[in-house]
Number of protein chains: 2
Amino acid sequence: MVIRVLIADDHSIVREGLRMFLGRDSEVALVGEAANGVEAVSRARELRPDVVLMDLLMPEMDGIAATAAIRSELPETEVIALTSVLESAAVIGAVKAGAIGYLLKDTQAPELLKAIKAAAAGQVQISSQASAYLVREVRTSEIREPLTERETEVLHLLAQGRSNKEIARDLHVVEDTVKVHVKHILAKLGVQSRTQAVLCAMRLGLVPTERGKGLRNG
Amino acid sequence: MVIRVLIADDHSIVREGLRMFLGRDSEVALVGEAANGVEAVSRARELRPDVVLMDLLMPEMDGIAATAAIRSELPETEVIALTSVLESAAVIGAVKAGAIGYLLKDTQAPELLKAIKAAAAGQVQISSQASAYLVREVRTSEIREPLTERETEVLHLLAQGRSNKEIARDLHVVEDTVKVHVKHILAKLGVQSRTQAVLCAMRLGLVPTERGKGLRNG
DNA sequence: CAAAACATTGCCCATAGGGGTAATATCATG
DNA sequence: CATGATATTACCCCTATGGGCAATGTTTTG
């Protein structure tokens with residue numbers, strides 16, 4: 001039985017490369033392509049592929065959201081995250097969204113085909129580098145106390161370079177309150193300053209990296 | 001006369017895709033491939049291609065450095081930056097390094113081939129989105145005073161969440177000196193706090209984003 | 001050589017930031 | 001209902017941070 005594969009990647013060059021890679025193996029058949037997350041979900045719905053090769057960075061809807069949507073709707077369809085960045089937040093996010101595999105785009109054809117076959121059989125096939133992040137995540141998830149809703153809100157504002165006073169104004173509370181939240185955030189993240197908190201948060205993917213959004217007056 | 005093209009990209013999938021794209025046109029011939037910057041430079045030296053399609057994010061030596069090296073050594077060889085990220089710092093860096101083109105990886109085959117032919121003829125072919133960054137750069141380059149070497153050094157440490165005291169220790173100077181540097185950095189970047197400076201610097205690409213390197217005790 | 005830019009140090013001062021402690025109201029959950 | 005988590009406010013205290021001003025030696029540049 002051939003394994004039916006759907007490709008979701010916004011780069012036509014990558015899709016072309018994958019097409020060639022997949023063409024080398026008779027057990028695998030490319031049944032469709034998508035150029036963004038929304039398209040990936042609707043294509044998956046129509047085609048019901050066995051495996052989706054999902055890029056994570058895509059317009060409209062990112063690959064993690066698309067993965068979550070597909071996995072919840074089509075539990076038979078397995079998703080392999082195929083991305084160029086090896087990033088903690090991306091790995092954790094993809095796995096939490098239901099991806100069974102996480103491969104980098106520098107993967108060679110044989111290894112990719114092996115991963116597709118493994119995924120079709122429901123077997124986890126994850127790059128060793130990516131699994132290192134999983135180990136770290138699991139190891140630190142107990143240590144790292146989760147932030148409360150309010151603290152998360154404050155952290156987002158911290159990550160925009162706001163001062164305590166400004167945050168207080170934004171949240172319609174007194175500055176002292178903000179200072180308490182910041183204090184708790186620092187403690188939970190295990191850092192000593194708001195700058196470190198922001199860096200840590202970005203590293204852990206706790207805040208959107210928001211390139212281009214800008215500061216108050218950058 | 002066929003245009004001799006060298007591909008430099010660390011992703012085999014991308015190389016495969018480009019190989020297909022280039023194969024569609026008889027005026028273009030793929031003469032070599034490289035998987036990192038160092039390899040790109042040495043291959044360019046041997047093969048003396050007309051055009052190099054250069055990925056920017058590569059191990060060993062990044063595409064910008066490779067572009068600069070190739071352009072200084074082989075002025076006949078034109079470089080087209082071909083990357084998946086549309087980022088101000090990347091565009092500016094590539095252009096400053098001597099790239100004649102900047103294309104995104106979601107470029108379609110016809111457009112890519114057109115760009116290669118233009119580059120071989122010494123004509124600038126840059127994506128309109130990328131040129132927007134150039135416009136902004138030129139417009140703001142007069143406003144934004146460049147950081148001195150020392151200030152850049154301090155900024156790097158700021159971006160690691162270091163305090164003034166720690167930076168002073170690292171640089172073997174007195175804390176007061178660091179404070180002056182920080183002061184100047186804030187003024188030049190037009191921000192009010194070190195946290196904003198870090199965010200601004202990351203946004204402008206003034207500091208390596210260094211995901212995964214970690215803080216003192218993240 | 002002279003001028004400009006730069007790195008460095010020093011000092012004063014006001015504010016922002018962060019640690020500790022504690023009390024109160026609310027809300028969810030056992 | 002009672003307990004615990006959360007949000008909020010309010011202190012105190014100390015350090016970190018950042019702005020302004022000035023001076024000196026060094027390097028770069030015109």
Side-chain angles (χ1 to χ4, degrees), chain A residues 141-204 206-207 215-218, chain B residues 141-204 206-207 215-218:
Chain A
S141 59
E142 298 176 37
I143 301 169
R144 191 171 71 242
E145 308 164 73
L147 298 182
T148 70
E149 195 177 333
R150 198 58 160 181
E151 286 161 356
T152 305
E153 206 169 350
V154 172
L155 181 57
H156 281 7
L157 293 168
L158 281 183
Q160 286 165 27
R162 297 282 195 282
S163 68
N164 290 339
K165 194 172 294 185
E166 291 172 326
I167 294 173
R169 231 187 305 112
D170 282 11
L171 299 183
H172 306 291
V173 296
V174 164
E175 186 182 348
D176 285 303
T177 304
V178 176
K179 289 169 79 170
V180 174
H181 290 316
V182 171
K183 194 189 308 181
H184 291 161
I185 291 170
L186 298 185
K188 287 185 178 179
L189 296 185
V191 296
Q192 286 76 39
S193 75
R194 61 207 294 109
T195 304
Q196 288 184 3
V198 170
L199 292 170
C200 178
M202 294 199 312
R203 198 160 47 80
L204 295 176
L206 298 179
V207 294
L215 308 170
R216 285 217 319 281
N217 52 0
Chain B
S141 60
E142 297 176 39
I143 302 168
R144 191 172 71 243
E145 306 164 74
L147 298 182
T148 70
E149 194 177 334
R150 199 58 161 179
E151 287 161 354
T152 305
E153 206 169 349
V154 172
L155 181 57
H156 282 8
L157 293 168
L158 281 183
Q160 287 165 27
R162 296 281 196 284
S163 68
N164 290 339
K165 195 172 295 184
E166 291 173 326
I167 294 173
R169 229 185 309 112
D170 281 12
L171 299 184
H172 307 290
V173 297
V174 166
E175 187 181 346
D176 284 304
T177 304
V178 176
K179 289 169 74 171
V180 173
H181 290 316
V182 171
K183 195 187 307 182
H184 291 160
I185 291 170
L186 297 185
K188 288 185 178 178
L189 296 185
V191 296
Q192 286 76 38
S193 75
R194 61 207 295 109
T195 304
Q196 287 183 5
V198 170
L199 292 170
C200 178
M202 296 200 310
R203 199 160 47 80
L204 295 176
L206 299 179
V207 294
L215 308 169
R216 284 220 317 282
N217 51 0

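Just so we're clear, the structure is a prediction, and the values are computed from it rather than from any experiment. Residue numbers start from 1 in every chain, and the chains themselves are labelled A, B, ... in the order their sequence lines are given, proteins ahead of strands.
The distance from atom CD of A:Q196 to atom CG of A:L199, rounded to the nearest 0.5 Å, is 7.5 Å. Atoms NE2 and CG, from B:H156 and B:D170 in turn, are 13.5 Å apart once rounded to the nearest 0.5 Å. Atom CD1 of B:I167 sits about 10.0 Å away from atom NE2 of B:H181, to the nearest 0.5 Å. Distance check, rounded to the nearest 0.5 Å: NE2 of B:H172 to OG1 of B:T177 gives 13.5 Å. In this structure, NZ in B:K183 is found 10.5 Å from CG in B:N164, a value given to the nearest 0.5 Å. Residue A:H184 holds its NE2 atom at 14.0 Å from CZ of A:R150, rounded to the nearest 0.5 Å.
Using a 4.0 Å heavy-atom distance criterion, A:E151 is classed as making no nucleic acid contact. B:T148 comes within contact range of the sugar-phosphate backbone alone, with a heavy-atom separation under 4.0 Å but no base atom that close. Looking at heavy-atom distances under 4.0 Å, A:V182 makes contact with sugar-phosphate atoms alone, never a base.
Taking atom NZ on A:K183 and atom P on C:dA22, their separation rounds to 12 Å, with Å as the unit. The distance from atom CG of B:D170 to atom C1' of C:dA7 is 17 Å, rounded to the nearest whole Å. Remark: P of C:dG19 and CD1 of A:I185 are 12 Å apart, rounded to the nearest angstrom. Atom CD of A:E149 and atom C1' of C:dA28 are 13 Å apart (whole Å). For the pair A:D176 CG and C:dG18 P, the computed distance is 14 Å after rounding to whole Å.
Of all nucleotides in DNA chain D having an atom under 4.0 Å from a heavy atom of chain B, the first and last in 5' to 3' order are D:dA16 to D:dC21.
For the side chain to side chain contact (heavy atoms under 4.5 Å, CB included) with A:E151, the qualifying choice from A:L158, A:I185, A:V180 is A:I185, the only one to do so.
At C:dT9, one or more side-chain N or O atoms of B:T177 fall inside 4.0 Å of OP1 or OP2 (strictly under the cut-off).
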Write down the protein N/O and nucleotide N/O pairs, taken from nucleotides 13-17 of chain C, whose separation is under 3.5 Å; answer none if there are no such pairs.
{"residue": "C:dA16", "atom": "OP1", "partner": "A:K165", "partner atom": "NZ", "Å": "2.7"}
{"residue": "C:dA16", "atom": "OP2", "partner": "A:K165", "partner atom": "NZ", "Å": "3.4"}
{"residue": "C:dG17", "atom": "OP2", "partner": "A:N164", "partner atom": "N", "Å": "3.2"}

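When all heavy atoms are compared, the tightest approach of B:C200 to B:V191 is CB-CG1, 4.3 Å. Summarising the geometry of A:R194 relative to B:T195, their closest heavy-atom pair is CG-OG1, 3.5 Å, with the distance given to 0.1 Å.
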